[in-house]
Amino acid sequence: MKFPLAPNATIGILGGGQLGRMLALAAARLGLKTRIYAPEPDSPAFDVSSGHRIGAYEDEGELALFAAEVDVVTYEFENVPARTVSVLEESVKVFPGAAALTVSQDRLAEKEFMSSLGIATAAYLAVDDAGALARAVAQLGRPSILKTRRFGYDGKGQILIREGADLAACFRSLGDSPGNHSAILEGFVPFLKEVSVVAARDMHGGFAAFDVCENQHEHHILHLTHAPAEIDPATAELAVDMTKTIAEALDYVGVLAVELFVVEEHGGKTALLVNEMAPRVHNSGHWTEGGAVTSQFEQHIRAIAGWSLGSPQRHGRAVEMRNLIGDEADAYLQILSEPGARLTLYGKREARSGRKMGHVTRILE
Ligand code: AMP
């Protein structure tokens with residue numbers, strides 16, 4: 001398939017959650033078809049796509065059929081197995097490419113990659129057994145955070161190591177997490193704020209960043225995003241420059257998100273440490289739908305279709321996005337009655353606790 005894609009071309013999306021759903025809606029608005037590939041029969045993205053295929057990410061036969069049905073492939077989550085991507089790449093382009101996945105699937109590789117670009121992160125050490133953990137804690141001090149290298153999200157696979165904590169027990173408790181065999185210890189960052197940059201890079205190297213936004217988490221899950229972040233303009237510019245450096249080093253195509261800690265340096269100045277990157281549209285970019293000229297979902301579709309990027313310009317003085325977690329989404333009638341509130345529901349049947357059910361965006365004039 002030649003890029004730029006023509007309208008009616010089909011975008012393949014690995015993953016059928018809310019991100020896939022919002023990508024499919026954005027693609028449809030632009031006259032593109034989508035086909036979702038996911039193992040779960042009740043995937044929210046199926047409801048709004050042109051078609052879907054239910055299959056395991058390891059099922060090479062199903063993947064080959066999927067590849068033959070689509071003109072380009074993207075994904076809504078970073079834990080796509082590397083083998084899945086290489087099978088697909090035999091017959092179709094996958095964006096963002098394998099380099100971005102390799103880096104973002106492994107916290108150690110990610111930290112080393114950032115360091116190679118001269119981008120600061122929390123202090124870190126690789127930890128493969130309880131002995132290595134004791135040595136790492138002696139070096140980085142307490143509190144520090146033990147994280148599995150792979151498959152961690154929303155605080156899963158993470159343990160805060162406090163004063164007096166039993167290190168052998170801490171290491172063992174990673175045992176329930178997938179990918180537990182290798183971990184990293186991170187020095188605790190006493191951050192002032194957590195911010196993120198959601199940006200896009202197109203096939204010709206064009207780059208556009210949305211406003212740096214500020215994020216608040218509750219129980220390790222994103223609760224509130226406020227754009228723009230209340231940080232000084234030089235810090236915001238630096239955050240965007242770091243994101244551009246990362247995108248260029250990966251020859252990235254699509255939307256990426258970089259989460260950063262704002263820390264205070266000596267003399268009251270602020271500095272930035274990268275926490276992690278996500279090679280996909282991101283929860284902290286949901287405010288762009290309705291809150292910016294182009295949404296992150298449209299921006300991603302444009303980039304992977306070989307189209308030019310749209311304007312990331314924000315509407316209003318500021319924009320706020322709140323996640324609706326679990327039964328918070330039950331207040332939908334009340335939210336609908338609020339002038340100016342923009343409600344999005346993901347169509348998930350069951351509101352389990354901690355599950356992202358929707359979000360509400362408000363433009364602050
Ligand atoms: P992560 O899964 O790495 O995004 O971590 C989830 C959340 O834990 C972050 O958004 C921070 O609030 C907190 N956190 C992670 N790493 C650190 C760190 N090294 N120091 C302080 N807080 C952290």
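- Using a 4.0 Å cut-off between charged side-chain N and carboxylate O, Arg83 and Glu58 make no salt bridge.
- Thr245 places a side-chain N or O within 3.5 Å of a backbone atom of Asp241 that can act as its donor or acceptor partner.
- In the hydrophobic clustering, Ile184 connects to Leu108, Tyr124, either directly or through intervening members, whenever side-chain heavy atoms lie under 4.5 Å apart.
- The two atoms that bring Pro190 and Val263 nearest to each other are O-CG1, 4.4 Å, heavy atoms only.
- The shortest non-hydrogen separation linking Ala6 to Leu32 is O-CD2, 3.7 Å.
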Open item on the list: As a quick check of understanding, evaluate side-chain contact (heavy atoms from CB on, under 4.5 Å) for Leu146 and Leu133, giving each step before the final call.
Closed with: CA-CA 8 Å; Leu146 181 64; Leu133 177 59; 3.9 Å; yes
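- Considering only heavy atoms from C-beta on, Asp71 stays 4.5 Å or farther from Phe3 through its side chain.
- The shortest distance between side-chain heavy atoms of Asp202 and Phe207 does not fall below 4.5 Å.
- Contact check on Glu298 versus Arg302 returns a salt bridge, with a Lys/Arg side-chain nitrogen under 4.0 Å from an Asp/Glu carboxylate oxygen.
- For the pair Ile246 and Met114, the minimum side-chain heavy-atom distance is below 4.5 Å.
- Rounded to the nearest 0.5 Å, atoms CD (Glu78) and CG (Leu256) are 11.5 Å apart.
- Checked by atom type, the side-chain pair Lys193/Gln216 shows no donor-acceptor distance below 3.5 Å.
- With rounding to the nearest 0.5 Å, the separation of CG in Leu238 from CD1 in Ile119 is 9.0 Å.
- Checking His282 against Gln296 by side-chain atom types alone, no donor-acceptor pair falls below 3.5 Å.
- For the pair Ser43 and Ala38, the tightest heavy-atom approach, listed with the atom from each and the gap, is OG-CB, 3.6 Å.
- The distance from atom OG1 of Thr102 to atom CD of Glu110, rounded to the nearest 0.5 Å, is 11.5 Å.
- Taking the six-membered ring where tryptophan is involved, the planes of Phe46 and His52 are essentially parallel, since the angle between them stays under 30° and well short of 60°.
- Salt-bridge annotation for Arg201 and Asp251: present, with a side-chain N of the basic residue lying under 4.0 Å from a carboxylate O of the acidic one.
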- [ ] Begin with the C-alpha distance, continue with both residues' side-chain angles, and end with the deciding distance and a verdict on salt bridge (Lys or Arg N to Asp or Glu O under 4.0 Å) for Arg317 and Glu365.
- [x] CA-CA 5 Å; Arg317 175 178 61 75; Glu365 301 295 345; over 6 Å; no
TODO: In sequence, state the C-alpha distance, the side-chain angles, and the governing distance for Thr270 and Thr235, and then conclude on side-chain hydrogen bond (donor to acceptor under 3.5 Å, both in side chains).
DONE: CA-CA 7 Å; Thr270 54; Thr235 305; 3.1 Å; yes
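- Residues Val137 and Arg142 form a side-chain contact, since some pair of their non-hydrogen atoms from C-beta on lies under 4.5 Å apart.
- You'll find the side chain of Glu194 stays beyond 4.5 Å of the side chain of Glu214, heavy atoms only.
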Task: Chi angles and distances behind the side-chain contact (heavy atoms from CB on, under 4.5 Å) call for Gln313, Phe210 - done: CA-CA 7 Å; Gln313 180 66 43; Phe210 295 103; over 6 Å; no
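- In the model, Thr344 has no side-chain atom that pairs as donor or acceptor with a side-chain atom of His286 under 3.5 Å.
- A donor-acceptor contact shorter than 3.5 Å links the side chain of Asp129 to the backbone of Gly131.
- Comment: Asp47 engages Arg21 in a salt bridge, judged by a side-chain N to carboxylate O separation of less than 4.0 angstrom.
- Looking only at side-chain heavy atoms (C-beta outward), Phe261 and Val195 stay at 4.5 Å or farther from each other.
- The two residues Pro312 and Ala292 come nearest to each other via the heavy atoms O-CB, 3.9 Å.
- Residues Val198 and Met242 are members of separate hydrophobic clusters, defined by side-chain heavy-atom contacts under 4.5 angstrom among Ile, Leu, Val, Met, Phe, Trp and Tyr.
- Atom OG of Ser50 and atom NZ of Lys33 lie 5.5 Å apart (nearest 0.5 Å).
- Residues Glu276 and Ser104 fail the side-chain proximity criterion, which asks for heavy atoms closer than 4.5 Å.
- The CG atom of Asn215 sits 8.5 Å away from the CG atom of Leu224 when rounded to the nearest 0.5 Å.
- Not one N or O on the side chain of Trp307 forms a donor-acceptor pair closer than 3.5 Å with the backbone of Gln299.
- Cluster annotation: Trp287 is not connected to Leu324 through the hydrophobic network of ILVMFWY side chains, with a link wherever side-chain heavy atoms come within less than 4.5 Å.
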- [ ] Could you walk me through whether Tyr75 and Phe95 pass ring pair (Phe, Tyr, Trp, His ring centres under 6.0 Å), step by step?
- [x] CA-CA 8 Å; Tyr75 42 88; Phe95 293 118; over 10 Å; no
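- For the side chain to side chain donor-acceptor pair (under 3.5 Å) condition, the pairs that include at least one residue of residues 323-334, sequence neighbours left out, are Asn283-Asn323.
- Contact between Thr294 and Ser311 at its shortest, heavy atoms only, is OG1-O, 2.8 Å.
- Residues Val72 and Phe297 are members of one and the same hydrophobic cluster, defined by side-chain heavy-atom contacts under 4.5 angstrom among Ile, Leu, Val, Met, Phe, Trp and Tyr.
- Under the 4.5 Å side-chain contact rule for hydrophobic residues, Val197 and Leu273 do not share a cluster.
- Checking Ser196 against Ser284 by side-chain atom types alone, a donor-acceptor pair falls below 3.5 Å.
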Open item on the list: Using side-chain contact (heavy atoms from CB on, under 4.5 Å), reason through Val70 and Ile11 one step at a time and then give a plain yes or no.
Closed with: CA-CA 6 Å; Val70 300; Ile11 309 244; over 6 Å; no
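- With respect to Lys147 and Glu186, a salt bridge is recorded, a charged nitrogen being found less than 4.0 Å from a carboxylate O.
- Ring geometry for Tyr57 against Tyr37 counts as tilted: the plane angle lies between 30° and 60°, on a 0 to 90° scale.
- Scanning all heavy atoms of the two residues, the minimum distance from Gly291 to Ile363 falls at CA-CD1, 4.2 Å.
- No continuous path of hydrophobic side-chain contacts links Val281 to Phe77 [ILVMFWY only; heavy atoms under 4.5 Å].
- Looking only at side-chain heavy atoms (C-beta outward), Lys269 and Glu264 stay at 4.5 Å or farther from each other.
- With Gln18 as reference, Lys348 is the one residue of His359, Lys348, Lys356 to meet the side chain to side chain donor-acceptor pair (under 3.5 Å) rule.
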TODO: Test Glu320 against Thr361 for side-chain contact (heavy atoms from CB on, under 4.5 Å), laying out the working first.
DONE: CA-CA 6 Å; Glu320 182 192 276; Thr361 302; over 6 Å; no
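- The salt bridge (charged side-chain N to carboxylate O under 4.0 Å, His left out) search around Glu350 returns Arg352, not counting sequence neighbours.
- Listed for the Thr243 side chain is a donor-acceptor partner under 3.5 Å among the backbone atoms of Ala239.
- The OG1 atom of Thr10 lies 9.0 Å from the CD atom of Glu69; values are rounded to the nearest 0.5 Å.
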